[in-house]
There are 2 protein chains.
Amino acid sequence: MNLTARSSQDAASASVPAHDRVYRSLRTRIMHGEITPGAALTLRGIGREFEVSMTPAREAVRRLAAEGALFLSSSGRVSTPELSNERIEELAALRALLEVELASRALPRAHIALIDRLQMINTTVAEMVSKRDAVGYIRTNLEFHRTLYLRAQAPAMLAMAETVWLQLGPTMRALYGRLRRTDPPQNHRLIIAALKAGDEPGLRLAVRSDVTQGLRLLAG
Amino acid sequence: MNLTARSSQDAASASVPAHDRVYRSLRTRIMHGEITPGAALTLRGIGREFEVSMTPAREAVRRLAAEGALFLSSSGRVSTPELSNERIEELAALRALLEVELASRALPRAHIALIDRLQMINTTVAEMVSKRDAVGYIRTNLEFHRTLYLRAQAPAMLAMAETVWLQLGPTMRALYGRLRRTDPPQNHRLIIAALKAGDEPGLRLAVRSDVTQGLRLLAG
DNA sequence: GGGCGTGGTTTGTGATCACATGAGGGCATG
DNA sequence: CATGCCCTCATGTGATCACAAACCACGCCC
């Protein structure tokens, strides 16, 4: 039946299914803003790119659509979502709600090793900003947040926050691409300072500001 | 090729795809607690029940798994999730976080017609409680909450809340089945009273209590 | 020159099949 | 009688195919 692309399957398919590999690839690509909003995808195109048939491509797309990372038209066509301003504000509010809680839960568990790590990541964030690398910025910025929130020991809550990031991915890219700013991440420093001081109200405020500032300038 | 189950497809397939029909059926079934936690499902079994092949069944399952409504073992076996106590507490915290915000956003838009409607639904809730109809109780209880939150005009936030309900579905059933109580929904009345009075702090408190009380007795 | 129908072509949907894997039952053995 | 092993069957995965509908572009007509 199929003579090609067999060798790669023999070893890898059992350990990690093809649909999962496709899913993960597309997911990070979307979350990091590597795809512009409204871009069209096709099952056959995805299959061709990952050297799989339509079946795993379809499952990956279905999964991403369920998370809001992809938009399915009424006829089943696949594209990244184009968010309305109301939608963006709502997702920003969700980020604030979830991430303030996550940070708050992480605070009592945030030891010096974590803070050091956050500071190091923050250096990379500043570097990406100065290089005007939008995708790199989004990636390291999310890494900063995820590193902090992992300490909250709240996997379901973190998963929800990541779902929101995913939905905002393509839009974030378009947003930060438009944003010509070389400011270092000031709010990140406030977050780190609040963590060091064990200042919960300050931490909540800093996270809320960091999360909503970028999205605010679109609506404002 | 296939001679059976064709007539149903000719009319319905175009309007609503088979995988969507399967998805919706399973979704409400899970959300309303009609399936016990840990129950096993099979793609072929689902396909047989809905008179479709494995393909739409797989897509529906994949979608539900992405929402946390179903658990996929490492070998791909499908079952409803069995939640740990930590997980339940976390989901309860998420309900509180999201639904307090939704209620708060709905408050300024809550006119008398909505309150009347909530009171009517609440009558049905009390009826279900007195009949000890667990599934009916869960269904009407969620209808009460959804009716209120729809007024918040926050579709993304509502979708997240529904995802949490979905994850808690099977566990809720097991919980309320164990709970032998004939109390009328006291917190619902507090919610309605706060809505009437335009009392936002009271509303937030009432929603938080309503949402966490049921789940509390499991951990406590 | 512009609006509209009509063809081909691309696309998603669903069915079916081959295959590998893992779970569960039955049998033998201690 | 309990325990461990093996075999069988059920189950998920992925590929391929047939089909219908939607999209797009070309050309026609006004």
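Nothing here was measured: the structure is a model prediction, and the numbers come from that model.
- By the 4.0 Å N-to-carboxylate-O rule, Arg173(B) lies too far from Glu34(B) to be salt-bridged with it.
- Distance, Arg48(B) CZ to dG12(D) C1': 14 Å, rounded to whole Å.
- Both His19(B) and Arg77(B) sit near DNA chain C, but only His19(B) has its closest nucleotide nearer the 5' end.
- Taking 4.0 angstrom as the limit, Arg62(A) places a side-chain polar atom (N or O) nearer than this to OP1 or OP2 of dT13(C).
- Checking Glu127(A) against Tyr137(A) by side-chain atom types alone, no donor-acceptor pair falls below 3.5 Å.
- Residue-level contact check: Ile46(B) touches neither bases nor backbone, having no heavy atom under 4.0 Å from any strand.
- Across the protein-nucleic acid pair, Met54(A) atom CE and dC19(D) atom P stand 16 Å apart, rounded to whole Å.
- Within the 4.0 angstrom heavy-atom criterion, base atoms lie near Arg58(A).
- Among the protein residues, Leu72(B) comes within range of no part of the nucleic acid, since none of its heavy atoms lies under 4.0 Å from any strand.
- In this structure, Leu43(B) atom CG and dT16(C) atom C1' are separated by 15 Å, rounded to whole Å.
- Put simply, Ser53(A) has a side-chain N or O that comes within less than 4.0 Å of OP1 or OP2 on dA15(D).
- Annotation: of the two residues near DNA chain C, Arg44(B) and Arg44(A), the 5′-most nearest-nucleotide partner is Arg44(A).
- A donor atom on one side chain and an acceptor atom on the other are not found under 3.5 Å apart for Glu101(A) and Tyr149(A).
- Following rounding to the nearest Å, Asp20(A) (CG) and dT13(D) (C1') show an atom-to-atom distance of 12 Å.
- Using a 4.0 Å cut-off, no side-chain N or O of Ser75(A) falls inside it from OP1 or OP2 of dA22(D).
- Look at CZ on Arg21(A): it is 12 Å from C1' on dG14(D), rounded to the nearest Å.
- Look at OH on Tyr23(A): it is 15 Å from P on dG14(D), rounded to the nearest Å.
- What separates CD of Glu51(B) from C1' of dG14(C) is a distance of 15 Å, to the nearest Å.
- Salt bridge Arg139(A)/Asp133(A): absent, no basic N to carboxylate O contact under 4.0 Å.
- Ionic pairing of Arg27(A) and Glu162(A) is present here: one or more N-O contacts between side-chain nitrogen and carboxylate oxygen are shorter than 4.0 angstrom.
- The residue Thr55(A) sits close to a base: some heavy atom pair falls under 4.0 Å.
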